[in-house]
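Structure first, then comments.
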Amino acid sequence: MGETIKDFKRTHLCGEISKKNKGEEIIIMGWVQKRRDHGGVIFADIRDRSGIVQVVFNPDIGEDSFAKADQLRSEYVVAIKGEVELRPEGNINPDIYTGEIEIKSNELRILDKAKTPPIQVEDDIDAGEDIRLKYRYLDLRRPKMTKIMGLRHKITKATRDYLDENGFWEIETPILTKSTPEGARDYLVPSRVNPGQFFALPQSPQIFKQLLMVSGMERYFQIARCFRDEDLRANRQPEFTQIDMEMSFVNREDVFEITNGLMEKIFAEAEIEVPSEIKKMPYQEAMDRFGTDKPDLRFAMELKDLSSIVEASDFNIFSGTVKSGGQVKGINFKGGADSSRSEIDSFEEHVKLFKAKGLAWIALRDDELKSPIAKFLSEEEIDNILSEMEAEEGDLLLIVADKAPIVAAALANLRLKIAKDYDLIPEEVYEFVWIIDFPLFEYDEEEDCYQAKHHPFAAPIEADIDKLEEDPASVRADAYDLVLNGEELGGGSIRINNRPLQEKVFSVLSLSEEEQQEKFGFLLEAFDYGTPPHGGIAFGMDRLMMITARTDSIRDVIAFPKTQRATSPLTNAPSNVAEKQLKELGLSLLS
RNA sequence: GGAGGUGUAGCGUAGCGGUUUAACGCGCCGGCCUGUCAAGCCGGAGAUCGCGGGUUCAAAUCCCGUCUCCUCCGCCA
């Protein structure tokens, strides 16, 4: 049993004490980071969430507290009373904020003892993620992690403050809601009161925020938890947080303006500057130049289209691909000509991950042209390729011929791999870009039908509305994504705000009238009662956090994340439930 | 669903068929030490080498299976 606080009241936070407090008698409370016992004098570093301060125990200052300090061990919880003093000459520690002072302790209370922790509470330790997650409460004590949680709070608060100042109301929407078969797999919750029926956890508050616009709330936001039962990735968790917002009586530019300001506030918390007007790039341009709708603009290595140069070539792999409607494109790995055969093989392996059949290459080395495909190409074709790709001595050209989506995916990902592997990405550079004019629909070859690229409520761009019926593929949506350094921060659109247009879009999506009624009848009905023009956007809070915290793992920015198998090593969720619980719900297990 | 990687004292790693009684660093325990802050010095405890099976005179080491965690593909309107 530890001692109680009794009459002690914490007066200072460890990390905030400085020489300004010299001579003050203070009380701190926190955890023992480290004890250094020198026999006649004992030092202890005391940590709270604000930082670390050194305490000195010495029989000359306090006999009792010196004797007690002998018992101190790592992670004991203590309250310490003492006087702030400047450290003796030559004993200043410049590595910590409180390094100029120390606390001479005349009273020590051990509030709780601690077992030796399974992972050390230090920034530099490199414990495996499984053990970190099992003992997450210890992992979170590490200053690095504590700091990220603090940053997350500040960013959440900055968001609330900014949106409040701009007339947004924070409104909660249901967690238990209706399953819709579109999009991701739903997490289902059985209804006890209605046996055999299920709620779904929201994949996003999309429909509710639109209903709030119909309700006249005009400006809504929510720091909303969303759930998608899909496989995890380094930047994907099954439950995640969105900064979700929606505005009435606005166009796209209004959304951009509000968002720009929000991003400035958020990134200011991490000392990252956001341009006062974020540039825009049409979707098609992003696909042409970078092969992806979330281009990383921190480095060049753009995709160049060689299709017209090689369409009549004797090299069948190229010309044949073009003739059958495909593309031949390449990227120029500047200075990559001295890549080894095995490096080039690894590039080829990489593009094959994205279904490319192969990777052609041309190296300009020692004033010579090295390439397994050169002998199939005419001199003119080669010259044209070199000039189109702005090739110089020392460059390595990497070329893929395939269907357009495969070429795009293969080269976009190869471009990223090379940039990462060869350190071509500058540190602390932040390239924001709006991707605009997305196609409204995407053709799904497997299902032989159109799917909404964004979601079925995105409005078509006005000029394209006429083409909805005869040429859906060419219709652009008034949708937009905000992209930073190759990461999609968020996306949104101006929504459809009238029933006939919404029904027309549903019909392009091959939703029968019955299906429309069954799935979205309540929304269509709502639209009948006077719906303002509206639009909005949602940001992935966890991805914003990854960037501002400068980490590669989403698990680092969530207090209690899930493993790749969507489990929690801390709580052992998910788990079996009692037969009685299943019975109440009218459920039985298949196996 | 698929591909790859990983697992050895509390933690991080080394060892990759036999002189290994499994090594090293951190941590832990005891002792000494009045100015350390990666304290130091001396001593000590702690590991059925993820689990199961196989090959072999001999397995942490090779093979097969299985599980964990991680990265990626599919999936994520």
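Chain identifiers are assigned alphabetically (A, B, ...) following the order of the sequence lines, protein sequences preceding nucleic acid strands; residue numbering begins at 1 within each chain. Below, each value reflects all heavy atoms present in this structure, side chains not excepted, and no hydrogens, waters or symmetry copies.
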Base, backbone or nothing for each nucleotide of nucleotides 70-77 of chain B, written B, S, -, heavy atoms under 4.0 angstrom, 5' to 3'?
BBBBBBBB
Can you check whether Lys115(A) has a side-chain N or O nearer than 4.0 Å to OP1 or OP2 of G10(B)?
no
Atom CG of residue position Asp471(A) - does it have more than 12 heavy atoms of other residues, nucleotides or ligands inside 6.0 Å?
yes
Does a distance-only test, which skips hydrogens and angles, find a donor-acceptor pair under 3.5 Å between the side chain of Asp130(A) and the base of C69(B)?
no
For atom C1', what is the distance between C64(B) and G43(B), given to the nearest Å?
46 Å
Show me the protein contacts with nucleotides 44-51 of chain B, counting only N or O atoms at under 3.5 Å.
none

Which value, in whole Å, describes the distance between the C1' atoms of nucleotides A3(B) and C29(B)?
47 Å
Nearest-0.5 Å distance, CG of residue Asp481(A) to CD1 of residue Ile537(A)
7.5 Å
Among Gln206(A), Lys209(A), Gln222(A), find the residue that satisfies the side chain to side chain donor-acceptor pair (under 3.5 Å) test when tested with Asp244(A).
Lys209(A)
Whole-Å C1' distance, C67(B) and G50(B):
8 Å
Side chains of Ser179(A) and Asp186(A): any donor to acceptor distance under 3.5 Å?
yes
When we call it a touch if two heavy atoms are under 4.0 Å apart, what does Asp60(A) touch: a base, just sugar-phosphate, or nothing?
base
Say you pick atom C1' in U20(B) and the same atom in A58(B); how far apart are they, in whole Å?
14 Å
Geometric class of the Tyr422(A)/Phe333(A) ring pair [parallel <30°, tilted 30-60°, perpendicular >60°]
tilted
Could you pull out all residues at least two apart from Lys562(A) that satisfy salt bridge (charged side-chain N to carboxylate O under 4.0 Å, His left out)?
Glu239(A)
